[in-house]
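I have placed the structure first, in the form of structure tokens, so that the comments after it can refer back to it.
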Amino acid sequence: MARVGCGVFAGFRVLGQFSGHVPHVLRYHGRHREFYLATAVGRSVHTYNVKKLGIVAVSNALPQDITCLAADRMLIFASYDNVLHAFARNKEVVHTYEGHKARIHLLQPFGDHVISVDVDNVLIVWDTQSEEQYLEVGFDKATFAVSAVLHPSTYLNKILLGSEQGSLQLWNIRSNKLLYSFPGWHFAVTALEQAPAVDVVAVGLVSGHIIIHNIKFDETLMKFQQDWGPITAISFRTDGHPVMAAGSPIGHIALWDLEEKKLMCQMQDAHSTAIAGMSFVPGEPLLITNGADNAIQVWIFDGPGGTGRVLRSRMGHSAPPTKIRYHGHNGEQILSAGQDGTLQSFSTVHEKFNKSLGRGSINKKKSKKKGLKLDTMALPPITVFASEVAHQSDWDGIVACHQGYITCTTWNYQKTSMGAHKLKPEEFSKHKPIDIYATAVDITSCGNFAVIGLSTGQVDVYNMQSGIHRGHYGEERAHEGAIRGVAVDGLNQLTITAGSEGLIKFWKFKTKDLVYSTDLPCVPSGILLHRDSGILGIAFDDFSISVLDIETRKIVRTFSGHHGRINDMTFSPDGRWLITSSMDCSIKTWDLPSGCLIDCFLVDSAAVSLTMSPTGDFLASAHVDDLGIYLWSNRSLYSLVSLRPLSADYVPSMVARPTTCPVEDVDVAGDEETCDEMIEYVSPEQLGLQLVTLSSLPESRWKNLLSLDIIKKKNKPREPPKVPKSAPFFIPTVSGLIPHYVTPREENDTQSKVVSLGVLAQKSDFFIHLEEALRTNEYTAPLNLLKSLGPSNIEIELRCLAPEGGGSTEVMLSFLRMIGMMLNKKYNFELAQAYLALFLKLHLQILSSEPNLLEEVSRVSTQLEETWIHLRTLFNQSLRRIPWARLYYFLCSRHRLTE
């Protein structure tokens with residue numbers, strides 16, 4: 001079930017997934033004149049250009065992981081279980097072929113057809129366009145279990161099948177006839193490959209033998225053998241050099257000279273797992289290999305001896321990552337430590353910026369000098385690491401702990417290699433303890449010091465530049481139990497340590513003295529410090545989380561709700577959110593100011609590590625038994641997201657993890673049942689009846705009501721504008737001997753300038769609402785109408801309330817009652833003051849002569865005085881507290897300085 005667009009995080013894309021156990025496919029695009037490489041990664045097909053090894057397309061995801069891959073000139077064929085699909089334009093599925101009863105394990109394009117073979121030994125020939133079965137052939141598993149299929153070059157309508165029994169068969173697909181049976185070599189056939197010469201194929205056997213055989217005359221031309229196990233892949237070089245490459249299950253590649261009929265060279269450890277696919281680029285000295293170690297490599301053969309070197313590569317972790325952290329302040333690099341023992345950097349911008357810092361080694365110089373394999377000197381996988389960009393160009397900026405190993409290693413991000421120092425206590429410099437190992441590590445914000453905690457409770461400080469031990473905390477050890485976490489604040493003033501005995505301690509970083517120690521409610525499993533805000537997150541073994549303020553050294557928040565061990569946690573850059581992951585497959589977002597859970601979703605595999613981007617745009621996660629690093633976009637940065645607390649009975653939904661292709665976030669606006677919490681919150685006009693509430697009108701609408709006459713007088717023009725007299729179209733002339741124009745005569749202005757009072761006799765809307773309010777005692781309508789008017793219109797409306805302006809004393813009484821209602825309800829407080837002041841200024845004489853109006857004015861005056869006394873009391877209380885707050889802040893500052 002995919003979640004609708006109502007959560008804080010939405011799946012974006014995955015990093016670090018490049019290849020699987022399925023052999024790749026090499027294609028040539030005639031119009032582009034370029035070779036393309038297609039690999040199966042999970043449920044999608046990735047297409048790369050060979051020229052730069054950049055990804056150009058990601059197909060739509062299939063329901064299950066792809067188990068077999070093939071391609072012809074136009075389509076890419078991919079199968080899962082017993083279903084075969086065809087992709088067009090490297091993207092969408094255009095054909096589906098269903099008919100197998102068992103899992104498909106072999107595919108072979110065949111002109112306008114495609115051949116598929118399942119594990120039940122049934123071969124089906126499909127018409128690619130009509131999706132119909134052209135031919136179905138069944139084989140007996142006991143005598144001929146199909147294990148390889150090949151279409152020999154220039155052999156029209158014919159395919160060559162290899163079997164687990166070692167024999168080969170040549171079939172004519174059009175006539176459905178067996179043309180010839182090859183007795184074989186009594187070993188199972190694992191690979192078939194067409195040689196550059198016609199009628200010649202290479203046969204790879206499970207025994208490690210490679211047979212170069214002429215199928216036209218059934219004659220073996222040459223035979224090779226390698227000692228690394230079964231042949232997994234074969235490819236021939238076609239650029240003029242008679243070389244054949246063969247892959248092995250342990251990742252080695254053998255290059256055979258076909259003219260000399262001997263081994264030319266070996267490329268050992270080309271992959272850390274079996275060679276899944278191998279292809280020489282036609283006409284070029286390039287070899288493309290891929291394997292289950294999540295790596296694609298392009299080898300070029302341009303050196304002496306015929307051996308190849310890596311020209312381009314795309315590789316991720318060959319084993320699931322265990323810890324990920326953002327590196328730097330721009331949010332573009334993610335450091336990842338995997339179970340394969342490597343430390344890698346993945347770019348969120350482009351794959352070409354990925355880096356591999358290599359695998360930890362006990363002694364690299366000794367390993368290279370003696371020519372030993374890397375695995376014999378390899379360090380265990382990294383469990384915890386810390387990094388800092390300050391001074392990373394001067395010395396090592398990464399320190400890491402290894403599984404069950406006491407020595408911590410340093411790494412250099414700039415040089416992309418393991419650093420020069422190995423940090424461990426001096427008492428263990430000559431011998432390696434058995435049951436003592438490093439459990440926690442942190443690096444200071446300046447990049448000068450590393451703090452390392454051990455399983456014995458000892459906490460040591462080392463200099464990152466020199467690797468020299470700079471002391472330890474406590475007389476012998478900092479805690480009685482194993483160290484569960486260490487952290488250093490942003491100013492190198494405090495070091496915080498947590499032990500398995502249930503204590504958390506605060507130490508002075510420089511003097512190593514104990515400052516404060518407190519008991520925790522449960523045994524901590526890990527801690528995380530947000531340096532900018534001084535907030536410490538503590539995860540416990542009872543699946544709860546607490547937040548501690550390192551200034552007051554008190555727990556300020558406690559969260560519970562996980563039902564499994566908490567694997568990791570991370571803070572948002574501003575320190576508002578704490579995001580946690582657990583073995584219950586949930587990822588939860590806690591809002592620290594409100595102390596509530598605001599987001600929760602489930603994934604199909606538990607997240608073992610989390611990290612939030614320093615820019616706040618992405619959340620990255622690593623999952624159990626998964627090689628990828630998944631990015632989740634922060635939807636609160638670009639769309640409306642509800643941050644309301646989730647209810648106690650909230651049931652989180654399962655969210656599908658993103659694929660390699662970036663996913664566009666689509667909000668489901670029409671689904672009212674699932675997005676009720678997305679309704680925008682509208683603040684009420686008054687939060688509480690006891691609160692004095694101001695209006696939201698700008699000051700220009702009410703502040704200058706008493707000064708309108710001054711403003712009008714100031715803005716009055718000095719002389720009225722003169723209107724030019726319009727000239728007639730035909731100018732009149734006087735007839736005579738000499739015609740001349742008629743002189744204009746002075747026109748007498750006979751129009752009266754006295755305004756008729758009949759216009760003012762019409763009642764305004766405000767006047768009518770006030771009259772109705774006398775009967776209904778409801779003053780909301782006249783007040784809203786008055787709030788919508790400008791200052792000049794307000795003055796006109798209030799001036800017209802008097803009898804000489806066409807009004808009446810009853811309407812003036814209604815206006816005073818409206819002001820009394822506003823003062824009684826304590827809202828639109830400043831408007832009531834401004835409207836009342838203007839009303840008194842305009843009608844003071846009438847108010848003093850009318851007893852009923854004077855009585856209402858007295859009542860309003862009493863309400864106004866009571867409200868001001870209440871406000872004045874609150875103001876005085878606040879003013880009295882300000883000096884004490886300043887004094888407290890001053891004393892706290894001096895106390896910190898004396899420390």
Side-chain angles (χ1 to χ4, degrees), residues 323 325 327-328 335 337 341-343 345 355-369 374 377-433 436-474 476-478 483 485-489 492 495 497 507-512:
K323 181 69 69 172
R325 286 292 181 266
H327 181 70
L335 284 176
T342 62
L343 181 64
S345 173
K355 297 180 180 180
S356 177
L357 280 70
R359 190 190 308 266
S361 177
I362 299 174
N363 192 328
K364 281 191 174 182
K365 291 183 178 179
K366 184 177 179 181
S367 176
K368 291 180 180 179
K369 184 177 180 181
L374 185 62
M377 305 291 288
L379 287 171
I382 296 173
T383 55
V384 183
F385 67 87
S387 67
E388 187 60 50
V389 295
H391 296 293
Q392 70 173 0
S393 59
D394 301 324
W395 54 76
D396 302 339
I398 305 171
V399 59
C401 299
H402 296 266
Q403 182 178 356
Y405 206 71
I406 190 173
T407 303
C408 291
T409 56
T410 61
W411 300 75
N412 195 301
Y413 185 81
Q414 297 285 343
K415 298 178 181 178
T416 63
S417 65
M418 195 176 75
H421 307 300
K422 293 179 175 59
L423 311 177
K424 65 179 178 179
E426 297 177 351
E427 57 267 27
F428 303 114
S429 58
K430 295 184 178 180
H431 65 281
K432 177 184 176 182
I436 302 176
Y437 52 91
T439 57
V441 67
D442 194 17
I443 188 171
T444 58
S445 58
C446 61
N448 289 319
F449 299 98
V451 181
I452 300 173
L454 303 180
S455 59
T456 59
Q458 185 175 344
V459 179
D460 298 281
V461 181
Y462 298 88
N463 185 278
M464 289 293 294
Q465 182 180 8
S466 61
I468 299 176
H469 185 265
R470 293 300 186 186
H472 58 84
Y473 294 95
E476 293 184 358
R477 52 184 179 173
I483 300 298
V486 295
V488 183
D489 68 347
N492 292 359
T495 300
T497 59
W507 311 79
K508 287 188 177 181
F509 178 78
K510 187 174 182 181
T511 62
K512 312 296 188 298

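For this chain, numbers begin at 1 and follow the sequence in order.
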Any residue meeting ring pair (Phe, Tyr, Trp, His ring centres under 6.0 Å) with Y437, in chain and number order, not counting sequence neighbours
none
Say whether, by atom type as modelled, one donor and one acceptor occur between the side chain of R359 and the main chain of L379 under 3.5 angstrom.
no
Quick one: does T439's side chain have a donor or acceptor within less than 3.5 Å of a partner on I483's backbone?
yes
Quick one: do the Y413 and S387 side chains pair a donor with an acceptor below 3.5 Å?
no
dist S361:OG -> M418:CE (nearest 0.5 Å) comes out at 5.5 Å
What residues, two or more places apart in sequence or in another chain, satisfy side chain to side chain contact (heavy atoms under 4.5 Å, CB included) together with E427?
P425, Q458
In chain order, what residues pass the side chain to side chain donor-acceptor pair (under 3.5 Å) check against Y473, with sequence neighbours excluded?
T495
Hey, mind stepping through I362 and T407 against side chain to side chain contact (heavy atoms under 4.5 Å, CB included) and telling me if it holds?
CA-CA 10 Å; I362 299 174; T407 303; over 6 Å; no
Say you draw a straight line from NZ of K424 to OH of Y405; how long is it, rounded to the nearest 0.5 Å?
6.5 Å
As an exercise, state the distance from CG of L343 to OG of S356, rounded to the nearest 0.5 Å.
8.0 Å
Residues passing the side chain to side chain donor-acceptor pair (under 3.5 Å) test with Q392, sequence neighbours excluded, are H327
Residue pair F428 / I436: nearest heavy atoms and the distance that separates them
CZ-CD1, 3.6 Å
Could I get the full list of side chain to side chain contact (heavy atoms under 4.5 Å, CB included) partners for T410, not counting sequence neighbours?
D396, H421, L423, M464
Sorted by chain and residue number, the side chain to side chain contact (heavy atoms under 4.5 Å, CB included) partners of N492 (sequence neighbours excluded) come out as T444, S445, C446, V488, F509
Atom OH in Y462, atom CD1 in I452: separation rounded to 0.5 Å?
5.5 Å
Whether H472 and H469 hold their rings parallel, tilted or perpendicular, with breakpoints at 30° and 60°:
tilted
Name all residues meeting the side chain to side chain donor-acceptor pair (under 3.5 Å) criterion together with S466; count only those two or more places apart in sequence or in a different chain, and write none if there are none.
N463
Test of understanding: with side chain to side chain contact (heavy atoms under 4.5 Å, CB included), list the residues that count as partners of A400, not counting sequence neighbours.
I382, F385, T409, W411
Can you pull out every salt bridge (Lys or Arg N to Asp or Glu O under 4.0 Å) where at least one residue sits in residues 379-390? Sequence neighbours excluded, please.
E388-R531
Would you please name every residue forming a side chain to side chain donor-acceptor pair (under 3.5 Å) with T497, sequence neighbours left out?
H479, W507
Close side-chain approach of V459 and V486, heavy atoms under 4.5 Å
yes
Measuring from R470:CZ to N448:CG, what's the distance to the nearest 0.5 Å?
10.5 Å
Pairing residues for D460 by the salt bridge (Lys or Arg N to Asp or Glu O under 4.0 Å) criterion, not counting sequence neighbours:
none
Shortest non-hydrogen contact between V461 and K512, atoms and distance:
CG2-CE, 3.8 Å
Between A438 and C401, what is the shortest heavy-atom contact and its length?
CB-SG, 3.7 Å
CD of Q414 to CG of D394: how many Å apart, nearest 0.5 Å?
9.5 Å
Minimum heavy-atom distance D442-A487, with the two atoms named:
OD2-CA, 3.3 Å
So does P380 get a backbone contact from the side chain of H402, meaning a donor-acceptor N/O pair under 3.5 Å?
yes
